[in-house]
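Below is one structure, written out as structure tokens; the observations come after it.
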Protein chains: 2
Amino acid sequence: MKPLVLPPLARPDGMTTHDYAFNRLRQAIMVGAFRPGTSVTIRGLAEALESSPTPVREALRQLTSIGALQFLENRRIVVPHITPARFEELISLRIALESHAARRAVAHLSERQIENITAIDDSIETEIRRGDKVAALIANQAFHRKIYTANPDPVAMPLIESVWLQLGPILGIAMEHVTELYVVDRHREAIEALRRRDEEAVADAIAADIREGIGGFDQQAVARLLRLAA
Amino acid sequence: MKPLVLPPLARPDGMTTHDYAFNRLRQAIMVGAFRPGTSVTIRGLAEALESSPTPVREALRQLTSIGALQFLENRRIVVPHITPARFEELISLRIALESHAARRAVAHLSERQIENITAIDDSIETEIRRGDKVAALIANQAFHRKIYTANPDPVAMPLIESVWLQLGPILGIAMEHVTELYVVDRHREAIEALRRRDEEAVADAIAADIREGIGGFDQQAVARLLRLAA
DNA sequence: AATCTCTTTTTGTGATCACATTTTCAGAAA
DNA sequence: TTTCTGAAAATGTGATCACAAAAAGAGATT
């Protein structure tokens, strides 16, 4: 058994073991730390997290509920495989969900929040220039999340994160093959539209942003990689 | 402790205790067997299901992942409350998700499948005439599910079911106050559009179907009920 | 060298128990 | 009657163990 490498994550006080395991695994999958097809074991993770099977199993079950993992028929636990068709469906779903969420958030965004979002966009570019792919990815997710959660009832957010999780393993592959990240300027476009309170323009900018790339990764290139891996 | 009443559900051979608990609770919530704010206990459910805390807790954790339940700060487990605003957000999300899923399914539907869907629609009307609200609800969900899962990669389906689950408790309230169900003929409209392979018309029919009612329940009336309950 | 068979190890499952926190509720005090 | 207090009960959490199924590996056979 390979000694599982898990990106570190602080454990806030009072957080249950189960919650900690869930969040840490979730974060790991979301930023591409696991490749499609990777299998994990309850006991292995329990050891890596210095815990016991019970809370880990609960965390794994939750992760399967949101599409991040899969319990196979033979009881094996794996990171789901992704076909090119499934990848295309997920991107298309992201566009539908996120342009919807963006549209429903516009009316609730304060000037202050828009400034905040602009600052996050700057940090994305900083990370891209520094070449830190994972940090750029996380900042990009923060950018999107900040917009959608301006809605006081962000019911779409958990669903969006579920799609991000399902795309995570792809990002891991992409990060291995893509050497250069590029700055997406659809973000500036979205911010401008937010300032004008133009719901349709915001939705369009977000849709274009997703269609053109996955947080700094060229989508066409990723699709090509997938076809090769299949 | 009130002796929990849970709608029965067959347990297929080889299904794990955990899976059975999950499916049974899920089904119960989806058809409105629990009111918003209802609290459940792990031991209580374990007893009702003639099982033990471990698999039940896993099932409950999974249900929270998909928005069907909520673990509060004080460790209480409850069916989430719904505000009118949240209800409106969920309906709007249903429209976005399901019109998208319908559009992406059209190209994959065979004539045979369309016939099947027509038959399901007939069964909805039968149940409505018989006055069996729960059966009508289940048939209505089957109608929608059958369309969306024609897509060989139905990645949106789990998200759609998550929204259905979050609307479930509302349906329970609706069923208490609404005496008369009515037949939605947007279904016929959708079927006609499916036959013509008209993606936009299908998406529009589904959107209208959702906007006008929740599987036989008048949406405006439900919104009014919610405002009263709040 | 490839395939089959049987043993050993690994792994998921579910029941049980101890512990800490929360809730409940009876009885006292205002 | 209402409010406060403290003991008892209920509840979520997590570790452990026994069990059955699956996987891995060793050795024999073809």
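Naming convention: chains lettered A, B, ... in sequence-line order (proteins, then strands); numbering from 1 in each chain. These figures come from a predicted structure and were not determined experimentally.
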Original post:
With the threshold set at 4.0 Å, does a side-chain nitrogen-carboxylate oxygen contact exist between A:Lys133 and A:Glu127?
Top reply: no
Subject >> Separation of atom CD in A:Glu47 from atom C1' in D:dA15, rounded to whole Å >> reply: 15 Å
**OP:** May I ask you to verify if any side-chain N or O of A:Ser52 is less than 4.0 angstrom from the OP1 or OP2 atom of D:dG14?
**Re:** no
**OP:** Tell me yes or no: between the side chains of B:Arg11 and B:Thr17, is some donor less than 3.5 Å from an acceptor?
**Re:** yes
Subject >> Between the first and last five pairs of the helix from C:dA1-D:dT30 to C:dA30-D:dT1, the angle of the axes, rounded to 10 degrees >> reply: 20°
**OP:** Specify the separation, in whole Å, of atom OH of B:Tyr20 and atom P of C:dA15.
**Re:** 14 Å
Original post:
Where the side chain of B:Ser51 is defined as all heavy atoms beyond and including C-beta, which of D:dG14, D:dT11, C:dA15 is the nearest nucleotide?
Top reply: C:dA15
Original post:
Given A:Ile160 and A:Val163, is the side-chain contact (heavy atoms from CB on, under 4.5 Å) satisfied, shown in steps?
Top reply: CA-CA 5 Å; A:Ile160 291 168; A:Val163 179; 5.8 Å; no
Original post:
Quick one: B:Ile42 CD1 to D:dG14 C1', roughly how many Å, whole number?
Top reply: 11 Å
Subject >> A:His18 and A:Gln62 side chains, donor-acceptor separation under 3.5 Å >> reply: yes
**OP:** Return the value, rounded to whole Å, for the distance between atom CG of B:Leu60 and atom P of C:dG14.
**Re:** 14 Å
Subject >> Under-4.0 Å salt bridge between B:Glu88 and A:Arg104 >> reply: yes
**OP:** Would you mind reading off the distance between A:Arg61 atom CZ and C:dG12 atom P, rounded to a whole angstrom?
**Re:** 10 Å
**OP:** Give the rounded distance in Å between these two atoms: CZ of B:Arg11 and C1' of C:dT13.
**Re:** 11 Å
Subject >> base_contact_polar (D:dG14 base, B:Arg57 side chain, donor-acceptor, <3.5 Å) >> reply: yes
Original post:
Touch check for A:Thr54, heavy atoms < 4.0 angstrom, all strands: base, sugar-phosphate only, or nothing?
Top reply: base
Original post:
Whole-Å distance between C:dG12 P and A:Glu58 CD?
Top reply: 15 Å
Sub-3.5 Å pairs of nitrogen or oxygen atoms, protein against nucleotides 18-25 of chain D:
| unit_1 | atom_1 | unit_2 | atom_2 | d |
| --- | --- | --- | --- | --- |
| D:dA23 | OP1 | A:Asn74 | ND2 | 2.7 |

Subject >> Check ion pair B:Glu176-B:Arg35 (N to O, under 4.0 angstrom) >> reply: yes
Original post:
Between B:Ser162 and B:Gln166, is any side-chain donor less than 3.5 angstrom from a side-chain acceptor?
Top reply: yes
Subject >> Closest non-hydrogen atom pair, B:Ala68 against B:Pro80 >> reply: O-CD, 3.4 Å
**OP:** Grab the CZ-P distance between B:Phe71 and D:dT11 for me, whole Å please.
**Re:** 14 Å
Original post:
Which listed nucleotide (C:dT16, D:dG12, D:dT13) is nearest to the side chain of A:Thr16?
Top reply: D:dT13
Subject >> Of all pairs that satisfy ring pair (Phe, Tyr, Trp, His ring centres under 6.0 Å), the ones with a partner from residues 37-83 of chain A, not counting sequence neighbours >> reply: none
